[in-house]
Amino acid sequence: HDKKAKKRKHEYEEDEEDEDIKPKKKTKDKKVTEGKKAKKEEEEKWKWWEEERYTDGSKWRFLEHKGPVFAPPYEPLPDKVKFYYDGKPLKLSAPAEEVATFFAKMLDHEYTTKDIFRKNFFKDWRKEMTSEEKSKITDLNKCNFSDMNEYFKAQSEARKQMSKEEKQKIKEENERLLQEYGFCIMDNHKERIGNFRIEPPGLFRGRGDHPKMGMLKRRIRPEDIIINCSKDSKHPKPPPGTKWKEVRYDNKVTWLASWTENIQGSIKYIMLNPSSRIKGEKDWQKYETARRLKKCVDRIRNQYRDDWKSKEMRIRQRAVALYFIDKLALRAGNEKEEGETADTVGCCSLRVEHIKLYPKMDDQEYVVEFDFLGKDSIRYYNKIPVEKRVFKNLQLFLENKQPEDDLFDRLNTSILNKHLQELMDGLTAKVFRTYNASITLQQQLKELTCSDDSIPAKILSYNRANRAVAILCNHQRAPPKTFEKSMQNLQTKIDEKQNQLSAARKQLKAAKADHKASHDDKSKKAVEVKRKAVQRIEEQLMKLQVQATDREENKQIALGTSKLNYLDPRISVAWCKKWDIPIEKIYNKTQREKFAWAIDMAEKDYEF
DNA sequence: CTATCGACTTGTTAATATCGGA
DNA sequence: TCCGATATTAACAAGTCGATAG
């Protein structure tokens with residue numbers, strides 16, 4: 001493998017040299033140019049999935065890149081833009097002013113009214129002040145940022161009003177930056193980097209009730225950055241007069257650069273785009289693990305049902321938790337450090353206060369009501385009848401506990417995953433989410449697709465299948481602000497189309513009558529034309545109606561996350577091939593790039 | 001066994017680009 | 001051609017899970 005990689009790397013360099021001599025050699029013959037073009041196309045269509053993978057745990061042999069793009073330096077405000085303290089204008093030092101602008105930009109946001117946000121912001125802001133400023137500015141409520149706020153609003157308005165040429169110029173500059181910094185060479189191939197820009201400084205906005213909201217996210221400098229590349233590559237150069245924190249050559253990891261963020265103290269990375277080999281291989285592998293689970297899921301289910309009867313509490317808890325993870329597609333639920341993050345839970349970290357038991361509810365028995373905040377503080381609410389044994393176990397787990405006690409006090413994700421590992425190689429809690437999502441899509445597609453439906457109707461079925469998964473995974477969204485209006489607009493269009501249709505039908509009728517009377521060629525043609533028109537309008541109307549249904553059903557559901565992360569793309573590709581649906585109807589450009597491997601390899605008979 | 005770290009995936013939202021009709 | 005709606009992308013936060021140190 002090593003040799004192969006080195007050889008290819010060499011080829012690539014030759015290619016580059018080619019580029020260099022191009023201007024000099026004007027008479028360069030056509031064959032060479034064409035050869036190059038072919039090579040380039042070949043590069044674009046590189047099928048990494050047809051190559052062997054590394055088996056030694058290394059992720060690459062060769063890695064070369066230009067390092068990250070840093071946030072632009074702070075530009076002080078023009079003098080006319082004032083900050084007022086206690087009603088009087090006050091000129092701030094540059095560092096204090098910069099932090100003040102972060103707050104000023106957010107004035108319209110609800111965040112800035114929240115106590116914790118204000119407290120955290122003010123504390124961190126004061127750290128940036130000169131001692132003079134610090135002694136003057138002691139109360140955030142006496143700070144008036146509105147002039148600054150208006151200035152920024154005007155700025156963004158001006159940006160919108162820019163001329164076409166100016167906008168074009170900015171676009172080109174971005175493109176240049178992308179071309180220069182947005183790609184790397186990994187082994188023998190040029191690959192797209194996911195996030196090559198360093199996050200600019202600003203105020204941290206956590207999600208949900210985050211104890212650290214409003215804290216200052218500091219500016220990242222070259223001295224904070226660890227570069228990862230290969231020894232024999234052209235190393236990225238730090239900006240003039242600066243140094244990297246470290247340059248390392250670790251091919252056991254996939255990242256190109258990293259830094260430690262100051263809010264949680266966690267590490268952030270620059271990594272490759274989902275279309276890259278390194279991400280694609282991993283993604284593919286994920287679905288293969290889920291498919292292996294498919295083969296032994298019955299055994300595992302029998303096992304945990306058995307374990308509900310265990311003498312040992314820890315085993316019963318483990319078995320009930322696993323049942324929830326399997327049936328409800330809950331996340332594993334790692335413990336979190338209190339006070340560091342918003343209070344959210346997953347399965348293993350559920351507390352007594354998050355469930356309610358109802359021996360009888362309406363016409364159902366043994367109902368469990370879940371109500372908790374999950375990842376990103378998204379509420380999970382569900383009422384679900386469970387088997388009697390599960391219900392009895394839950395009652396047992398709840399005995400003598402306070403609302404804030406753990407439901408599964410003898411269990412955590414580490415214990416659970418160790419157990420799962422014993423049941424199947426590579427099995428962890430999240431595999432159940434992937435498995436259940438993908439199997440649901442496949443089964444729903446089978447159930448919902450009608451062979452004689454039109455293409456739009458088939459796509460509606462696809463979206464419905466996708467929706468079933470999104471509901472399972474609790475991928476909700478707030479209804480878009482403009483939802484009602486856009487629904488109305490669509491309805492208006494439908495009404496108009498309906499009128500058009502009846503008008504067209506009338507015309508067709510008239511044309512037919514005309515033809516009956518005259519029997520000439522011209523009237524015959526007219527009938528045909530009208531018939532076509534009716535047909536076209538019928539089709540358009542149907543399309544609109546399908547669209548309306550789809551949108552209505554999608555009001556509170558977000559399909560993106562499941563499509564991107566949980567559904568084996570080969571299921572969708574196979575479905576498209578089977579029903580002759582263009583893949584573009586299901587996946588947009590980015591998605592097609594990410595799933596290129598699946599589009600290439602899945603046939604219409606693919607089974608998850 | 002627990003706590004922490006490191007690397008990676010999964011998730012929402014805001015910003016921006018594109019589309020389609022007036 | 002302009003404008004608002006919709007689709008796409010960027011940004012970045014928040015999870016999962018394995019490794020390691022104490």
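This is a predicted model, so every value here is computed, not measured. Chain letters run A, B, ... following the sequence lines, proteins first, then strands; residues in each count from 1.
Per the geometry, CD belonging to A:E340 stands 15 Å off C1' belonging to C:dA13, to the nearest Å. The distance between atom CG of A:L564 and atom C1' of B:dT10, rounded to the nearest whole Å, is 9 Å. One atom, CD1 of A:I270, and another, P of B:dC8, lie 14 Å apart when rounded to the nearest Å. Atom pair A:E199:CD and C:dA14:C1' shows a separation of 13 Å (rounding to whole Å applied). Whole-Å rounding puts the A:N588 CG to C:dT6 P distance at 17 Å. Spacing between atom CD1 of A:I263 and atom C1' of C:dC12 amounts to 12 Å, rounded to whole angstrom units. Here B:dG11 presents its C1' atom at 17 Å from NZ of A:K563, a figure rounded to the nearest Å. Rounded to whole angstrom, the span from the CG atom of A:L272 across to the C1' atom of C:dA10 amounts to 17 Å.
Here A:N195 contributes atom CG and A:Y269 contributes atom OH; the two are 12.0 Å apart, rounded to the nearest 0.5 Å.
The aromatic ring centres of A:F103 and A:F121 sit less than 6.0 Å apart. Close placement of the A:F204 and A:H210 rings is indicated, their centers lying within 6.0 Å of each other.
Residues A:Q285 and A:E281 have side chains that never bring a donor and an acceptor to within less than 3.5 angstrom of each other. Judged by distance alone, the side chains of A:S349 and A:K336 never bring a donor and an acceptor atom under 3.5 Å apart. Of the N and O atoms on the side chains of A:Q317 and A:D409, at least one donor lies less than 3.5 Å from an acceptor on the other residue.
Phosphate proximity of B:dC8 to A:K282: absent, as no side-chain N or O sits under 4.0 Å from OP1 or OP2. A sub-4.0 Å separation between OP1 or OP2 of C:dA11 and a side-chain N or O of A:K268 is absent.
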Dump every N/O contact between nucleotides 17-21 of chain C and the protein below 3.5 Å, one line per pair.
unit_1	atom_1	unit_2	atom_2	d
C:dC17	OP1	A:T428	OG1	2.8
C:dC17	OP1	A:A429	N	3.3
C:dC17	OP1	A:K430	N	2.8
C:dC17	OP2	A:N417	ND2	3.2

Scan nucleotides 3-7 of chain B against the protein and return all N/O pairs shorter than 3.5 Å with their distances rounded to 0.1 Å.
unit_1	atom_1	unit_2	atom_2	d
B:dA7	OP2	A:Y269	OH	2.9
B:dA7	O5'	A:Y269	OH	3.4

Please enumerate all protein N or O atoms sitting under 3.5 Å from an N or O of nucleotides 12-22 of chain B, with distances to 0.1 Å.
unit_1	atom_1	unit_2	atom_2	d
B:dT12	OP2	A:T561	OG1	2.9

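Residues passing the side chain to side chain donor-acceptor pair (under 3.5 Å) test with A:E150, sequence neighbours excluded: none. A:S266 is linked by a side-chain contact (heavy atoms from CB on, under 4.5 Å) to A:E261, A:Q264, counting only residues two or more places apart in sequence or in another chain. In terms of the side-chain contact (heavy atoms from CB on, under 4.5 Å) criterion, residue partners of A:P274 (sequence neighbours excluded) are, by chain and number, A:K594.
Residue contacts for A:P200: at a heavy-atom cut-off of 4.0 Å it reaches the sugar-phosphate backbone alone, with no base atom in range. Among the heavy atoms of the strands lying under 4.0 Å from A:T344 are primed sugar atoms or P, OP1, OP2 only; no base atom is included.
No side-chain heavy atom of A:T254 sits under 4.5 Å from any side-chain heavy atom of A:L272.
Closest of all the heavy-atom pairs between A:W597 and A:D568 is CH2-OD1, 4.4 Å.
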